[in-house]
Protein chains: 4
Amino acid sequence: MRTGVWLVGARGSVATTSIVGGLALRAGLTAPTGCVTELPALRGPALPTFADLFFGGHDLATTPLTKRAETLADAGVLPGRLAATLAAELTAVEEDLRPAPTGGTQADRAAAAVADLTAFRRRHRLDRVVVVDVSATEPAARPHPGHADPAALRAALAGPDEVLPPSSLYAYAAVEAGCPYVDFTPSTGLRLPALAELAVARGLPYAGHDGKTGETLVKSVLAPMFAMRHLAVRSWSGVNLLGGGDGATLADPAANAAKVESKQRVLGETLGYLPQGQTRIEFVEELGDFKTAWDLITFTGFLGTGMRMEFSWHGCDSALAAPLVLDLARLTAAAHAAGRVGPLTDLAFFFKDPLGSPTHSLAEQWQRLVEFTGRLHAEAAA
Amino acid sequence: MRTGVWLVGARGSVATTSIVGGLALRAGLTAPTGCVTELPALRGPALPTFADLFFGGHDLATTPLTKRAETLADAGVLPGRLAATLAAELTAVEEDLRPAPTGGTQADRAAAAVADLTAFRRRHRLDRVVVVDVSATEPAARPHPGHADPAALRAALAGPDEVLPPSSLYAYAAVEAGCPYVDFTPSTGLRLPALAELAVARGLPYAGHDGKTGETLVKSVLAPMFAMRHLAVRSWSGVNLLGGGDGATLADPAANAAKVESKQRVLGETLGYLPQGQTRIEFVEELGDFKTAWDLITFTGFLGTGMRMEFSWHGCDSALAAPLVLDLARLTAAAHAAGRVGPLTDLAFFFKDPLGSPTHSLAEQWQRLVEFTGRLHAEAAA
Amino acid sequence: MRTGVWLVGARGSVATTSIVGGLALRAGLTAPTGCVTELPALRGPALPTFADLFFGGHDLATTPLTKRAETLADAGVLPGRLAATLAAELTAVEEDLRPAPTGGTQADRAAAAVADLTAFRRRHRLDRVVVVDVSATEPAARPHPGHADPAALRAALAGPDEVLPPSSLYAYAAVEAGCPYVDFTPSTGLRLPALAELAVARGLPYAGHDGKTGETLVKSVLAPMFAMRHLAVRSWSGVNLLGGGDGATLADPAANAAKVESKQRVLGETLGYLPQGQTRIEFVEELGDFKTAWDLITFTGFLGTGMRMEFSWHGCDSALAAPLVLDLARLTAAAHAAGRVGPLTDLAFFFKDPLGSPTHSLAEQWQRLVEFTGRLHAEAAA
Amino acid sequence: MRTGVWLVGARGSVATTSIVGGLALRAGLTAPTGCVTELPALRGPALPTFADLFFGGHDLATTPLTKRAETLADAGVLPGRLAATLAAELTAVEEDLRPAPTGGTQADRAAAAVADLTAFRRRHRLDRVVVVDVSATEPAARPHPGHADPAALRAALAGPDEVLPPSSLYAYAAVEAGCPYVDFTPSTGLRLPALAELAVARGLPYAGHDGKTGETLVKSVLAPMFAMRHLAVRSWSGVNLLGGGDGATLADPAANAAKVESKQRVLGETLGYLPQGQTRIEFVEELGDFKTAWDLITFTGFLGTGMRMEFSWHGCDSALAAPLVLDLARLTAAAHAAGRVGPLTDLAFFFKDPLGSPTHSLAEQWQRLVEFTGRLHAEAAA
Ligand SMILES: NC(=O)c1ccc[n+]([C@@H]2O[C@H](COP(=O)([O-])OP(=O)(O)OC[C@H]3O[C@@H](n4cnc5c(N)ncnc54)[C@H](O)[C@@H]3O)[C@@H](O)[C@H]2O)c1
Ligand SMILES: NC(=O)c1ccc[n+]([C@@H]2O[C@H](COP(=O)([O-])OP(=O)(O)OC[C@H]3O[C@@H](n4cnc5c(N)ncnc54)[C@H](O)[C@@H]3O)[C@@H](O)[C@H]2O)c1
Ligand SMILES: NC(=O)c1ccc[n+]([C@@H]2O[C@H](COP(=O)([O-])OP(=O)(O)OC[C@H]3O[C@@H](n4cnc5c(N)ncnc54)[C@H](O)[C@@H]3O)[C@@H](O)[C@H]2O)c1
Ligand SMILES: NC(=O)c1ccc[n+]([C@@H]2O[C@H](COP(=O)([O-])OP(=O)(O)OC[C@H]3O[C@@H](n4cnc5c(N)ncnc54)[C@H](O)[C@@H]3O)[C@@H](O)[C@H]2O)c1
Ligand code: NA
Ligand code: NA
């Protein structure tokens, strides 16, 4: 099952780490630590192997991949030796990276992106290409009548308006090219009625959104713990200090708002009430790719006794995100192969703000993921 | 369903908080925060109501309950007003507290305890009495041939030997008196072949052991998180600083060892390997009933990148334990009423070192608890 | 040396705690924990004793002191018993609290405040009255030509303009009434050329500003530690979560800005460069009077090796501030008695943003305080 | 001023980092971050320059320096590039490393060490050699009559007894060879009456002991802060988790005891009373050279209000220690050149357990260091 992984934002931190890691796994140079799909509970015949994965993508930036890999190695995200060993493979992937389409109407740009996807699929004789958005977070989309349905959208795109935010234009191109789609960012992506309708019409599955890698991951197990113990959470305040990757973008309050909101949702939905407190994101360049999140939780127990918990999380965002990108590409490819169509709500495990998910508890999401994957394997084996 | 709750260690911090809380709930003076059995997922007709609960117990100490309640109020464990308001009710409970039996052979002491239990049941016309051990942690039991089976045990008890540690003597008395039994401590209690066999022979259910209230509770959600994400935990080190209740006992290395061991087990069994590091318990009198636990977890992710998490937990142990004591009494009474016999492995949710439990993941334990309780309610409603 | 302590904001958290504490010390009901002037290095004959202190003040609010004391007791700031025991003394102080002057021109209001101060001094036959501003933080003052010198100020005050922010109007009244003045807040207070000139003309000493009680106190010893060890601080980020006292006011970005700025100054001035990162203040009502500050410091050592330090400070702001209010009143009274005039830069030890201070190192500030106090004692003894 | 730096334990983590760093500074490849003697307040003509320093030493181990440097680079203690660039210089230093003397009586071994020191001094035409002990921590010394005075010592050494622990035998050899001596470890070293008397007789200065690099450094500024604010510290508990360098040795309770004791001393001596709580050291191999220390401090303020502070320190021990080793070598050489004799109590700034120091406050120690160094510079310039 030759599977393309087309990364929007292909020269970013997450993308580069995913590519280096994917190549390292193929070459047997590293263990699949962090790859959920390699756990005994999820492993199986439905998934493409690491050797089946082929990388390509779009980016506005032009820094060579080998250069990006070196920068990440200097920052401690990747082992330097690995980047060096894989130099040839990285240069080969470089051939499959395309500049982000520019100029013309949005319809023209979409067509160019479709052409890139199609050429990639053909060049490597791929069974399918999964498009994964790992580009910089963008501000919330401005409403436009073209978002309502496919017909309105097509008409609008051909005009002069910037109808879709960039993330949605890529999602549109993915759908038009017949590619399943994964949104790892908090951007709009495929979440517009017109696009969702189109994806279903074309028989495509899609997943999203906003990869759950740090503080929210911890929240998704701690909040259920308080709920299961009937403890009353009074306040939950968090601060995220980060310097690398998407940090500078998130320092922009507009982009920040989207992210911050998806970070608090897990609390309200798990606890059934929203405790006081906020989650903040701050850009501190010196911290580089290692993010520090600190959370203070105050709660009351029996007879109103006040208690508290604090945690600090010091994680490397790209190293946490990259294996999930590979997992999502493999799972979405398998879902496509198995004929699944529409939102893959069983992949909620991977996301801060999962599509149509009835639960924010990591354990319940895991349960659903295991069952979903089990069904895919059973069908593949049959 | 008039239900007795017989507390071994009835004048201790956990017991006193349980009694004050139980009375306050009956009087409608407090909300059932921390009571798991009052969550929508667990509530139902099989459980005795708070008004159905009657408290009694044994203790070596003689400090009046009202005095203990005041001390706990001064320490911030209980609201002072509550202890004052409930003075009359506490004095009534005082009537049902008995000195720990002393003198004679162990058989004599067991008989005295049985008599106390029987009198309590009769005096209040109770349907059943659940014995809950919340007495001070004792050192590991010395092996004795009398532990092997009921016949050997009875013979040995009548002799001059201290055959059973105190916790097991109480468990024996409970069984002989036909009382279901809950072990909230890390002591030996009912965990001896002779006692387990006897309990089954008498048609009694039992649960245990070692209430899960603080650091281990957090571990039971964080360790599965690392496991589900395929992250490799390299070290997990913890320190528990505590000053109140059982703290001084635990400062004794012999008692400490039992507790420390049950605290690390959750890691090995959840992760499938034992990371480096240890959990320590230290007595710091100044900290009183508020325990501070600090844990450092180091782990590696994709491509070997090292990361870390720290948490501090500042909880009031007795306030965390007491509602669980009420939950366990209610659930074990319901199980007894429904004819359940032997170890209640579905109550693993409540314990650090659960009886025969195949899982240390809080979420899975929760799932089993919900199903177990659901069956009890269904039977009760039928 | 009968000394009045006139508190602007006399019904606030800091003021009420200062009054209760001052009365308790006079009555011998508490130890002088937190009172710096009771340390062997600072104690001595120049200072008024606690029995010499008489409390009065202005406030916009009208909640009775006994009521405020009860609220603080419920919040754990004061022992409830103390507030009860001192009820009569508190009611006596109540007689000396005056409503904040309102109506008329600012000149009229200043005159009313002067009259209140003069009457207080006369009523208790006080040697002097120290005015201490502990009222709510106000936004930065709008510039006005009347700020330039005494003549311009007098002329402007008689007109219809709101020439001075409230804190400065109180400072003006203090000066006009011949009272030494202490600014415990980050507000403008006496920091206007016209007022400083007037204070000197009247032979008055003054001190300020912004009491150093929590995170900044810790910074004032940690930053010098990094500097003395020639370690390079790369980032210093902090968050202050607080719910009581002045918290809601500080949630207002305008007031917040003043405070946040004075909090970062200590870093730049101690290290000689400003590391990356910011200090935030957030209002979380649930936290009440107990503030939690968390700081992350990243630094590099020899050969560029990166390291980090985190701290959490969980302090009761009013309990930290109140003894310093008493210290400042005693020291400023002694300085006035000894004929000191103008800014008391040797009191920098007490302030986040000290007047004209050449150092932000707590240890150096301490040294200067010890020497200053020593001179006062020597003069008093002579 | 050609100055030898003779490192006992020359192939250890601290020593190797000191050597690599010293060579890098000489070559202008790094900034003197962490070198206290390069701060404006301490810099000056009395000190040998980095170019004046020549390294040699003893070790039991035989691992080549270049190999040790690589291992440290892999662990993130040193930049890998630096070790590579300095390969030739390291190989040159290798020529001046000698095996730890073995065999014969202790007198024989001392003589061999003296010969090594003398040859080193002659080979490089050094003005003086400073011996710095950075070898593994050893257990407390067994008392022996030979410790009492020089004559008894000489007599005993010639016999078959192991009179002196290894650290003291090196100190003896240093003194016999006319070398000033620095003890960076908690071992016995020169702290025996016989050795101290000998050092003075030979006109030698010496300094020690136990370099202050992590948790104790922080304590030495925080404890004075609490003292200066008259806050009552109720408990201070600490845990040190470390994996590299000396960690395994310290896991041995005997060595550990010495270290733990010197770590608590700073508290008692600064506060004037010993708060509850202990400091623990635990070996967690996975943590490597990066130590994490966590401390919990509980304290009461005005009116008995309880508060708390926590800190986590995540430092690289060798990177913190190495620049201090260079500082101490430079300062002790300058003291020797200036004719100072006996314990250099003005170097207390550098040590956990300083010789004859009347203060544990870092700020006061700094003051004394600045004055001491200032006098040396003044004499040198004169
Ligand atoms: N790292 C994590 O843990 C994590 C978790 C959840 C979500 N995310 C999301 O993943 C995304 C990538 O994060 P990152 O750290 O790699 O950021 P990054 O800034 O390193 O990379 C983003 C890349 O996107 C490219 N890009 C921007 N606009 C583009 C466009 N219009 N077309 C094509 N390329 C474009 C940029 O040139 C850049 O190379 C972000 O949206 C982030 O919010 C990351
Ligand atoms: N508080 C928690 O969060 C928690 C969690 C898990 C387990 N536990 C366990 O609960 C138990 C009680 O804890 P606590 O904090 O209330 O302790 P505590 O010391 O306050 O109370 C223990 C009581 O047991 C009594 N006792 C001791 N030996 C006895 C005997 N032989 N017969 C009768 N009474 C005896 C003592 O007199 C005392 O009143 C401990 O074993 C503890 O380990 C507590
Ligand atoms: N608590 C600390 O640790 C600390 C430290 C540094 C500075 N401060 C400053 O001390 C001040 C008091 O803090 P708090 O916690 O007591 O606040 P608070 O809100 O409890 O009290 C402020 C009082 O000022 C009164 N007030 C407001 N405007 C007034 C006016 N124009 N005239 C007279 N009274 C007025 C209010 O009615 C209130 O009673 C604040 O400015 C705060 O920033 C406090
Ligand atoms: N790193 C710090 O921050 C720090 C702080 C204070 C004190 N210290 C002390 O510095 C010393 C060195 O620490 P490290 O981390 O480099 O340890 P390390 O274990 O890396 O190095 C110690 C070296 O001493 C050698 N050694 C042992 N016994 C010897 C002997 N009898 N003769 C000669 N060499 C011998 C060992 O072979 C080893 O090479 C320890 O005593 C430690 O307690 C270190
Ligand atoms: Na922390
Ligand atoms: Na913390």
Side-chain angles (χ1 to χ4, degrees), chain A residues 17-18 20-21 24 30-39 41 76-79 82 217-218 220-222 224-225 227-232 290 299-316 318-324 326 349 361-367 369, chain B residues 17-18 20-21 24 30-39 41 76-79 82 217-218 220-222 224-225 227-232 290 299-316 318-324 326 349 361-367 369:
Chain A
T17 311
S18 303
V20 170
T30 193
T33 310
C35 287
V36 168
T37 47
E38 288 298 304
L39 286 167
V77 179
L78 299 174
L82 202 59
L217 177 64
V218 180
S220 73
V221 298
L222 286 182
M225 178 191 83
M228 286 185 278
R229 279 296 169 100
H230 205 177
L231 298 165
F290 283 80
F299 59 99
T300 52
F302 202 45
L303 308 178
T305 309
M307 317 190 202
R308 65 209 316 266
M309 178 178 183
E310 279 176 48
F311 70 83
S312 303
W313 171 267
H314 183 60
C316 177
S318 301
L320 289 162
L324 304 182
L326 301 181
F349 179 80
S361 151
L362 192 74
E364 291 175 34
Q365 294 173 337
W366 168 253
Q367 204 46 49
L369 176 63
Chain B
T17 309
S18 302
V20 171
T30 193
T33 310
C35 288
V36 167
T37 48
E38 288 298 303
L39 285 169
V77 178
L78 299 174
L82 202 59
L217 177 65
V218 180
S220 73
V221 297
L222 287 182
M225 178 192 83
M228 287 186 278
R229 278 298 169 98
H230 205 176
L231 298 165
F290 284 79
F299 59 101
T300 52
F302 202 44
L303 308 178
T305 309
M307 317 190 203
R308 64 209 316 266
M309 178 180 182
E310 279 176 47
F311 69 84
S312 303
W313 171 267
H314 182 61
C316 176
S318 301
L320 288 163
L324 304 183
L326 301 182
F349 179 79
S361 151
L362 192 74
E364 291 175 36
Q365 294 174 336
W366 169 253
Q367 203 47 48
L369 176 63

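Below, chains carry the letters A, B, ... as their sequence lines are ordered, and counting in each starts from 1. Please read all numbers here as calculations on a predicted model, not as lab measurements.
For a residue to count as touching a neighbouring chain, one of its non-hydrogen atoms must lie under 4.5 Å from one of that chain's; by this rule A:F349 touches chain B with backbone and side chain alike. In this structure, the portion of B:T30 lying under 4.5 Å from any heavy atom of chain A is its side chain and not its backbone. If you measure heavy-atom distances from B:L362 to chain A, the contacts under 4.5 Å come from both the backbone and the side chain. Heavy atoms closer than 4.5 Å to chain B are found in both the backbone and the side chain of A:T17. At a 4.5 Å heavy-atom cutoff, A:A41 makes no contact with chain B through either its backbone or its side chain. The part of B:F290 that comes within reach of chain A is its side chain, from C-beta onward, which places non-hydrogen atoms under 4.5 angstrom from that chain. Residue contact with chain B, scored on non-hydrogen atoms closer than 4.5 Å, involves the backbone and the side chain of A:P323 alike.
Between atom NE2 of residue B:H314 and atom CD of residue A:E310 there is a gap of 10.0 Å, rounded to the nearest 0.5 Å. With values rounded to the nearest 0.5 angstrom, A:M309 atom CE is found 5.5 Å from A:M225 atom CE. Here the straight-line distance linking atom OG of B:S312 with atom CZ of A:F311 works out to 11.5 Å at 0.5 Å rounding.
Options B:A319, B:P79, B:A363, B:S220 differ in how many heavy-atom pairs under 4.5 Å they form with chain A, and the most are formed by B:A319. Across A:T300, A:L78, A:L320, A:L369, the residue that shares the most heavy-atom pairs under 4.5 angstrom with chain B is A:L320. For the set B:V77, B:L324, B:L303, the count of heavy-atom pairs under 4.5 angstrom toward chain A peaks at B:L303. Taking chain A as the reference chain and counting heavy-atom pairs below 4.5 Å, the highest number among B:V20, B:V218, B:L82 is found for B:V218. When each of A:R229, A:M307, A:R308, A:E364 is checked for heavy-atom pairs under 4.5 Å with chain B, A:R229 comes out on top. Most heavy-atom pairs under 4.5 Å with chain A: of the set B:C35, B:A232, B:G306, this distinction falls to B:C35. Top candidate by heavy-atom pairs under 4.5 Å with chain B, chosen from A:L217, A:V36, A:L231, A:L222, is A:L217.
Residues B:L39 and B:W366 form a side-chain contact, since some pair of their non-hydrogen atoms from C-beta on lies under 4.5 Å apart.
Checked against salt bridge (charged side-chain N to carboxylate O under 4.0 Å, His left out), A:E38 has the following partners two or more places apart in sequence or in another chain: A:R330.
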